[in-house]
Structure formats: C-alpha cells, structure tokens
**Q** 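Just dropping this structure here.
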Amino acid sequence: MAQKVVDAVKAKFGDAVVATSSEHGDEVITVKRDKLLAIATFLKDDPAMSFEVPVFVTTIDLAHWQPLGRRGAPDEGTRPAYDADASDGLRFEVCYQLRSLKHRHRIRVKVQVKETDTKVPSLTPLWPGFNWQERETFDMYGIRFDGHPDLRRIYLYDEFVGYPLRKDYPKDKRQPLVRRPDLVGDH
Amino acid sequence: MLELITSKLEDAANWGRKFSLFSYPFVTACCGMEFMSVAAPKYDIARFGAEFPRFSPRQSDLLMIVGTITEKQGPALRRVWEQMAEPKWVIAFGVCASTGGFYQNYHAMPGADQVVPVDVYIPGCPPRPEQVLDALIMLQDRVQRGDGHSQIRLKREKIMLAAANAEE
Amino acid sequence: MADLKTLVLGKKDIADLDTETEMPHELMTVNMGPSHPAMHGTVRIVLTVDGERIVKGDVQPGYLHRCFEKEAEHATYTQIFPYTDRLNYVSPMINNCGYAMAVEKLLGITDRIPRRAEFIRVIVSEISRITDHMTCVGASAMELGAFGPFLFLLKAREWLYTLLEEVSGARLTHSYVRVGGVGKDLPAGWLPKLAARLTETEAALAEAEQMLNLNKIFRDRMAGVGAISREDAIAWGQTGPVGRAAGIDYDVRKDHPYSVYPEFEFDVPLGTTGDCLDRYLVRVEEIKQSMRILRQAMAALPDGPVMIDDGHVALPPKAEAYNTIEGMIRHFKHIVDGIKVPAGEAYTFVEGGNGELGFFIVGDGTGRPYKCYVRSPSFVHLSTAEKIFKNHLIADIVPIFGMINMIGGECDK
C-alpha cells in the first residue's frame with residue numbers, strides 16, 4: 001500500500017535504511033538512528049509523502065525475543081531470536097507510526113538502539129502530538145529522546161525506580177508510596 | 001444509670017447517622033459508570049438516605065472508593081480520608097478497590113485497605129447497582145451497631161482518655 | 001481628619017478607581033485534582049493562573065495506570081478481552097472488536113470471519129458508541145449544572161445496558177467478542193426489543209437535546225470555548241469527535257473501512273470552529289448516525305454461524321469437549337496455552353468512542369502476545385489539553401475536559 005513511500009525513502013537516503021518489510025498491510029522501514037530526523041522531516045514535508053498525522057510511538061523490548069513456529073520449534077521465517085552479543089546489543093526497537101490524511105497511506109519507522117545507549121532523536125519538534133507519546137515511552141522503557149522539551153515520567157511517579165515494561169522488570173514488583181501506619185509490620 | 005443514658009443517646013445518634021450518610025465519591029475508574037447508574041433514576045440511591053454526594057471530604061462521612069487505586073493515587077486517597085470528619089465510614093466499591101482484582105502488577109494497589117480502613121467491601125467487576133444498595137444497607141446496620149472502624153477507634157480513645165484521667 | 005473616601009479607598013472620588021486598569025498581578029499556582037468532582041476519572045492539573053486566566057496548565061495523568069501492557073504480556077490472547085473492556089469502559093464492545101481484529105490480522109483470518117458475526121459486532125459496537133456519547137454529553141451537562149439532561153440520558157443508557165446484558169451477561173464489562181467471531185449468538189427475540197428501545201432512546205435524546213440546545217447557559221459556556229484550529233488538531237494527532245469538530249474529515253469507518261461498514265450508509269458530521277459546542281453537536285449527530293447504522297444492520301443481519309470454523313482458533317463445541325477425549329484435550333490446550341498466533345506484528349485501528357483506537361500486537365508464536373500496545377485516543381486528546389487551556393478561565397476547564405471526554409482507563413491504560 002505504501003510501497004512507493006518505502007521506495008522513495010530508499011532512493012533518497014540509500015544507506016540510512018537498514019531494512020524494510022511489509023507486515024499485514026503495514027510497511028515498516030528500519031532506519032539508522034542518526035538519519036531519523038532527516039528522514040522524518042522528509043516524510044512530513046515532501047508533498048508526495050505528507051505524513052502529517054502522528055499516530056503512536058512505542059518500543060519493542062527484544063530481550064526475550066524467541067519466536068516459535070507452528071509446532072513449537074524455533075521460527076526461522078521472522079526476525080531471529082535476540083542474543084545480546086550477536087545482535088550488537090540492539091535491544092530496543094523504537095517504532096513511530098505515521099499516517100497521511102491526504103494520501104491515506106501509513107508507515108512505521110523503526111530505530112534500533114542498544115541497551116547501554118538508549119538515545120533517540122525526538123520527533124516532537126516535527127509532530128507536537130508525539131510529546132506525551134515519547135514521554136510514555138521514556139517512562140515505560142527508559143528510551144531517552146534527545147531534544148524533547150519536557151522529558152519526565154508521565155504515568156508513574158518520580159520515586160519509581162526502573163522501567164516497568166522492560167522484559168526484566170518483574171510484573172508484580174510494587175514500589176509503594178504510602179501504606180496504612182496501623183498495618184505496617186502486620187503481615 | 002448515666003451509662004444507660006449515654007448508650008441510649010449514642011443509639012439515637014447512630015440512628016440519625018445511618019440515614020443521613022453524606023458520601024464522597026472517590027471515583028477513579030470503570031465502577032464510576034455503575035456509580036452513575038446507582039444515582040440515576042432506575043436504582044436511585046436517594047431512597048436509602050445517601051443521596052447527597054458532597055464533593056468536599058470535609059463535609060462528608062462516607063468515603064466511596066469507586067475503582068482501582070494505584071500506587072500513585074495512594075497518597076491522595078489517604079489525604080482525602082484524613083480530611084473527613086469523624087466518625088467516618090469507607091465502602092470499597094468493586095473488586096479493584098477491595099483486593100486489586102485481576103490487576104496484580106507493579107502499579108495497581110492490592111486493595112484500598114492498604115491505605116485506609118474499609119468497612120464494607122462490594123465484590124463484582126463492576127458490582128451491579130443492587131449489590132451497592134445491599135452494601136449500603138449493610139453499612140447502615142453497622143453504623144447502628146456502632147462497630148464501624150472509626151466508631152470503634154473513637155470508643156477506644158474515649159476509654160483510654162477516661163483511664164488516663166482516672167490515674168491522675 | 002482626612003476625607004473618609006481618601007482614607008479608605010485611597011482616592012478622593014470613587015470614579016477615580018476606574019482609571020486604574022492595571023491590576024497588580026502575580027502568577028499563582030493552583031492544584032486541581034487528582035480527585036475533583038468536575039472531572040471524569042482522576043487527573044491532576046497544576047495550573048499557573050494570572051487571576052482567573054490560565055497561563056499554563058500542566059496536566060498529569062497516570063493515576064489510573066493499571067499496566068494493561070504488562071498484564072497483556074502475561075495473559076493468553078483470549079484472557080486479554082476482559083482487560084480491553086476496562087480500557088474505554090464506556091464503550092467496551094468497540095475495544096473488544098478492535099483487539100479481536102488485531103489478533104485476527106496476525107492469524108491471517110480476517111476474511112474468514114462469518115458474516116453474521118461481523119454484523120453482530122457492528123450492532124454491539126454502535127450500541128456502545130451511543131452509550132459512550134450519551135454518557136459524555138450527559139456527564140458534561142451535569143458538570144455545567146444541567147442535571148435534567150443527565151437523568152434523561154442515563155435513563156436511555158440503562159435501556160441499552162439491559163440489552164447488552166441480555167447479549168453478553170454483563171452490564172458494563174461485556175467480554176463478548178472472541179478471536180474469530182463473537183461469544184454466542186444474539187438471544188431470541190432480541191432484535192425487536194432493540195428496535196423498540198431505539199425508538200424510545202431517540203425520544204429521550206430529543207428531549208435531552210432540547211433541554212440543552214435551548215439552554216442559554218449551556219450554550220454560552222460551550223460556544224467559543226476550547227477552540228482548536230484544523231492544522232493544530234492534525235499536528236497533535238486528534239481524531240474522532242474531537243478531531244471532526246475541528247474539521248478533520250476523518251472517520252476510520254469511512255477512510256480505512258473495516259468489518260462490514262462499507263455496506264452501510266451513514267454521514268460523518270463535521271464541525272467548523274473546533275470549540276466545545278461543535279464537539280457536543282458532533283457527538284449528538286453521531287448518536288443519530290449510529291442509530292441509522294443500527295437500523296440498516298438489523299434489517300440486513302444474515303443467518304449463519306457466529307464463530308469461525310477453525311480448530312486452531314475456535315473452542316470445540318461443548319458436546320465434543322465433554323464427550324470425546326480429543327475434544328477435551330483440544331479444549332484444555334486452548335484454554336491453558338491459548339491460541340497459537342504466528343510470529344509477527346500487526347496494527348489495526350477502529351473508530352472508537354473517542355477516536356482512532358489502535359492495537360499494535362507483536363506475536364512470537366506462543367499463546368501469549370510478546371507485546372500488546374494500545375493507541376488510546378483519550379491519551380492523545382488529553383495531551384492537547386495543555387494547549388487548549390491557555391488563556392481560558394479556570395471555569396472553562398470543566399466544559400473542555402467534559403468534551404475532550406478523557407476516559408481514565410483508556411488514557412492511563
């Protein structure tokens with residue numbers, strides 16, 4: 001559907017495109033981190049692209065990624081299982097979904113970052129709608145958006161330690177702010 | 001004789017209290033929709049003397065915790081409860097406010113009673129309006145008997161004060 | 001002794017006071033919430049005000065963050081339906097449908113859903129949309145002091161809840177839709193009841209509408225308040241009734257059609273000014289359009305199964321599960337391990353009560369999603385609130401908030 005968008009980005013930026021794929025009707029392009037801002041500006045401003053609507057930002061944490069096939073055997077067809085050494089530690093995949101009102105096409109732009117260096121250029125200056133979305137991603141995954149005007153926690157409180165949606169954060173590890181004084185030490 | 005009179009007076013006061021509960025709806029989540037239904041024409045909580053939601057905790061004596069309480073919400077809930085006038089009662093409306101329900105994770109609190117003492121728990125996700133009315137009647141019985149959490153605490157404080165005075 | 005007026009007022013003549021137009025002003029910080037009577041749900045706003053005028057409003061959500069994503073990663077695909085109910089709890093059926101469609105896309109069975117199931121999904125979704133808009137309009141009106149319309153609309157909502165309860169067994173949190181169809185067929189004699197209730201709902205809506213449209217206070221507090229331009233609305237990602245009030249001609253049902261929506265005739269109402277009055281009018285018109293869709297869907301409802309005939313997706317029939325060992329094993333594996341969804345990622349979006357409601361699911365071949373992200377319209381709309389608040393009065397927060405219709409469960413996930 002948006003194949004011509006992928007082709008245009010490839011033609012213009014060449015090496016900056018790491019990979020492209022088409023999954024269930026959505027075109028996905030993975031780009032290099034330092035070229036993200038340039039590609040995003042192109043996608044927004046070029047009249048043939050005109051992706052004016054920010055849809056969502058999220059991150060996939062690949063730490064436990066071990067895809068299985070139909071019979072339970074490792075799935076060879078998709079992205080290989082995550083291995084911190086083999087994958088150069090590219091643990092997080094930041095996804096930006098964009099949509100065009102004019103051309104009615106949409107695209108998902110991805111950037112891969114390492115666990116040790118989670119900086120990604122912020123796209124808030126281009127699409128103000130990404131402001132809270134990026135804050136949410138920072139809150140949940142600890143992705144640091146460079147150039148974001150107001151990067152702080154949004155759902156959780158400042159006292160919270162860690163990033164809960166990372167795969168290594170236990171689901172029920174609570175960090176209470178307040179408890180009943182008459183119950184403390186009771187159980 | 002004096003004791004008899006004070007206990008009868010207390011009974012009369014409790015009778016008055018139970019039919020004039022001023023509720024503070026601490027509405028956070030889905031249960032709020034059912035709370036609306038309880039207040040709306042079909043179920044009409046006004047028939048039971050708890051019709052008047054006061055939107056200031058300082059003017060109310062029944063705290064309705066309607067919906068999930070999260071860790072971030074905890075301090076606010078505690079503060080609202082502390083601001084309420086004594087004696088006060090608390091209803092945990094819905095399973096999230098009672099135990100956390102099926103939200104057992106890093107941010108949902110396992111029951112509002114981690115932060116404030118709760119008198120009546122209403123199960124259900126969300127509870128049906130009939131259940132809420134039933135819970136209100138149960139609470140009214142409890143108010144009449146004088147064994148709500150805060151009533152018991154007040155009584156205990158009174159006895160301790162009397163004992164301290166007697167020692168002096 | 002000095003002149004009394006000079007002594008007290010500091011001016012000789014009382015008219016001199018009017019010459020002082022410049023009030024001494026100092027910015028003040030006011031905290032609103034998290035538990036505030038005039039708000040749906042809990043959200044905290046730290047306002048910086050100059051007198052009554054808002055200079056800056058820092059909106060802080062998250063008081064109802066129930067970790068939908070983390071819970072979803074630990075539940076099987078079928079077990080997630082109850083969690084989706086509680087996202088936008090005013091229109092749970094639409095959430096159910098959106099999520100089911102995302103999983104179906106990953107499974108590659110989108111084209112094989114029985115037609116009757118698709119029609120039933122449309123019917124329950126549109127009923128949910130009506131309840132959503134009614135609650136929004138009624139509650140906002142109540143917050144502005146108009147209690148009557150609230151009672152009328154809630155009365156009508158109660159009828160619709162009863163109908164949905166007959167279908168699903170629950171008044172509010174239905175969990176009715178399944179991957180591959182819907183949980184069970186419509187009960188016998190349900191459609192005539194729905195038709196009758198629709199007529200009554202229309203009458204109740206007309207009454208409430210009259211009470212609001214002819215109410216000068218209501219109009220004055222809505223008109224011209226919280227306006228946003230079309231360009232800003234696009235750049236901030238607004239969709240749904242809020243976006244359409246600003247003039248964005250975008251309805252997922254029309255622009256990216258899904259399910260059987262292309263078969264129905266309906267209009268997409270558009271606003272011009274993007275203020276609260278337009279948002280209200282768009283919602284009222286959408287209720288009427290939903291009724292139009294409902295009438296068409298009821299007339300065209302085909303017969304047939306309501307669940308896909310695929311052993312990998314659907315539960316075996318009860319008779320088989322109870323009487324044969326194979327059926328029982330299949331049933332057990334289905335419940336315990338979940339539906340095996342192939343590895344990959346899919347994003348689907350539907351027209352939710354508040355706008356584009358999207359589910360982004362990453363499957364890894366097991367019965368549980370690797371990641372299940374929800375693109376919640378409320379969250380996006382609430383992020384624009386900071387921009388909208390600017391230069392309004394404190395009292396305007398109430399209609400703005402009411403008409404943005406922030407739903408805690410959806411916004412905070």
Side-chain angles (χ1 to χ4, degrees), chain A residues 21 23-26 28 44 52-62 64-75 77-79 81 93 95 97-99 101 104 106 108 126-133 135-137 139-140 150 152-157 164-165 167 169-172, chain C residues 58-67 69-71 73-74 102 105-106 108 110 231-239 243 248-250 255-256 312 340 342-349 356 358 360-366 370-371 373-376 379-380 382-384 386-387 411-413:
Chain A
S21 63
E23 294 207 46
H24 301 284
D26 277 346
V28 184
K44 180 168 184 252
E52 62 274 82
V53 185
V55 182
F56 70 78
V57 183
T58 188
T59 298
I60 305 173
D61 178 4
L62 294 170
H64 294 175
W65 178 253
Q66 302 233 307
L68 297 179
R70 196 85 184 166
R71 297 255 163 232
D75 188 357
T78 55
R79 180 174 37 209
E93 246 184 31
C95 315
Q97 177 92 8
L98 302 168
R99 195 184 70 224
L101 268 180
R104 295 193 182 176
R106 49 188 195 272
R108 197 174 307 134
L126 293 174
W127 290 278
F130 278 153
N131 185 335
W132 277 26
Q133 305 254 358
R135 273 176 72 188
E136 183 205 345
T137 309
D139 194 358
M140 295 288 133
D150 182 22
R152 60 196 157 108
R153 286 200 182 270
I154 185 160
Y155 284 152
L156 300 171
Y157 35 94
L165 276 183
K167 287 284 175 185
Y169 191 93
K171 180 181 161 224
D172 52 0
Chain C
D58 180 14
V59 185
Q60 300 177 357
Y63 286 92
L64 193 59
H65 178 54
R66 296 188 284 198
C67 327
E69 280 186 58
K70 197 79 174 176
E71 291 281 358
E73 285 168 17
H74 288 78
K105 205 173 186 183
L106 265 180
T110 309
E231 288 68 38
D232 281 342
I234 292 173
W236 284 84
Q238 287 191 348
T239 47
I248 306 174
D249 187 5
Y250 177 74
D255 291 58
H256 300 278
H312 289 295
K340 292 273 189 300
E345 57 185 57
Y347 176 64
T348 56
F349 47 110
E356 178 179 329
F360 176 59
I361 299 183
V362 181
D364 60 352
T366 60
Y370 187 74
K371 176 183 174 62
Y373 172 83
V374 51
R375 190 263 186 202
S376 61
F379 183 63
V380 176
L382 192 66
S383 73
T384 62
E386 282 177 32
K387 184 180 165 51
C411 175
D412 297 350
K413 298 178 199 166

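The model shown is predicted, which means the values in this text are computed figures rather than measured ones. Proteins come first, then strands; the chains are lettered A, B, ... in the order of their sequence lines, and each starts at number 1.
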**Q** Counting only heavy atoms closer than 4.5 Å, note whether A/Y169 contacts chain C via side chain, backbone, both or neither.
**A**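 Both backbone and side chain.
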
**Q** Heavy-atom pairs under 4.5 Å with chain C are the metric here; pick the option from A/K167, A/R135, A/E136 that has the most.
**A**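 So the answer, after comparing A/K167, A/R135, A/E136, is A/K167.
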
**Q** Among all residues two or more places apart in sequence or in another chain, which pass the side-chain hydrogen bond (donor to acceptor under 3.5 Å, both in side chains) test with A/Q133?
**A**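 Scan of A/Q133 (side-chain hydrogen bond (donor to acceptor under 3.5 Å, both in side chains), adjacent residues dropped) gives C/Y373.
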
**Q** Among side-chain atoms of C/E356 and C/Y250, is any donor-acceptor pair under 3.5 angstrom?
**A**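 Yes, side-chain donor-acceptor contact under 3.5 Å.
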
**Q** Considering only heavy atoms, which portion of C/L64 lies under 4.5 Å from any heavy atom of chain A: side chain, backbone, both, or neither?
**A**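 Contact with chain A: none, neither part.
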
**Q** Which residue out of C/T348, C/L382, C/T384, C/T110 racks up the most heavy-atom pairs below 4.5 Å with chain A?
**A**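 Max contact count across the listed options: C/L382.
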
**Q** Using a 3.5 Å distance criterion without hydrogens, assess whether the side chain of A/E52 forms a donor-acceptor pair with backbone atoms of A/L101.
**A**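 Yes; judged by distance alone, with no hydrogens or angles, the pair exists.
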
**Q** Given the options C/C67, C/G237, C/P61, which has more heavy-atom pairs under 4.5 Å with chain A than any of the others?
**A**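 Most heavy-atom pairs under 4.5 Å with chain A: C/P61.
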
**Q** Measure distances from A/V57 to the heavy atoms of chain C and classify the residue's part below 4.5 Å as side chain, backbone, both or neither.
**A**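 Backbone only.
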
**Q** Salt bridge check, A/D26 against A/R106: does any charged N sit closer than 4.0 Å to a carboxylate O?
**A**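 Salt bridge present between A/R106 and A/D26.
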
**Q** Treating C/D364 as the side-chain partner and A/Q66 as the backbone partner, does any N or O pair qualify as donor plus acceptor under 3.5 Å?
**A**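 Not a single qualifying donor-acceptor pair exists.
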
**Q** Which bit of A/L126 is near chain C, if near means a heavy-atom gap under 4.5 Å: side chain, backbone, both or neither?
**A**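 Contact with chain C is absent: no heavy atom of A/L126 under 4.5 Å.
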
**Q** Check whether A/K171 reaches the backbone of C/K70 with its side chain - one donor and one acceptor, N or O, closer than 3.5 Å.
**A**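 No; zero donor-acceptor contacts below 3.5 Å.
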
**Q** Which bit of C/C411 comes within less than 4.5 Å of chain A, counting heavy atoms only: side chain, backbone, both or neither?
**A**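 Interface part for C/C411: backbone (N, CA, C, O).
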
**Q** Taking the six-membered ring where the residue is Trp, are the ring centres of A/F56 and C/F379 under 6.0 Å apart?
**A**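 Aromatic pair excluded; centres sit 6.0 Å or further apart.
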
**Q** Need one label for A/R108: side chain, backbone, both or neither, based on atoms under 4.5 Å from any heavy atom in chain C.
**A**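 Side chain only.
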
**Q** Examine whether an atom of C/T239 lies under 4.5 Å from a heavy atom of chain A, and if so say whether it belongs to the side chain, the backbone or both; otherwise answer neither.
**A**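 For C/T239, side-chain heavy atoms alone lie under 4.5 Å from chain A.
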
**Q** Please identify each residue that fulfils salt bridge (Lys or Arg N to Asp or Glu O under 4.0 Å) with C/D58, with sequence neighbours left out.
**A**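 Result, salt bridge (Lys or Arg N to Asp or Glu O under 4.0 Å) vs C/D58: A/R152.
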
**Q** Please classify the contact between A/D61 and chain C as side chain, backbone, both or neither, with a heavy-atom cut-off of under 4.5 Å.
**A**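 For A/D61, the backbone is the part near chain C, not the side chain.
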
**Q** Please state whether the side chain, the backbone, both or neither of C/Q238 comes within less than 4.5 Å of a heavy atom of chain A.
**A**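 Nothing of C/Q238, per the 4.5 Å heavy-atom cut-off to chain A.
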
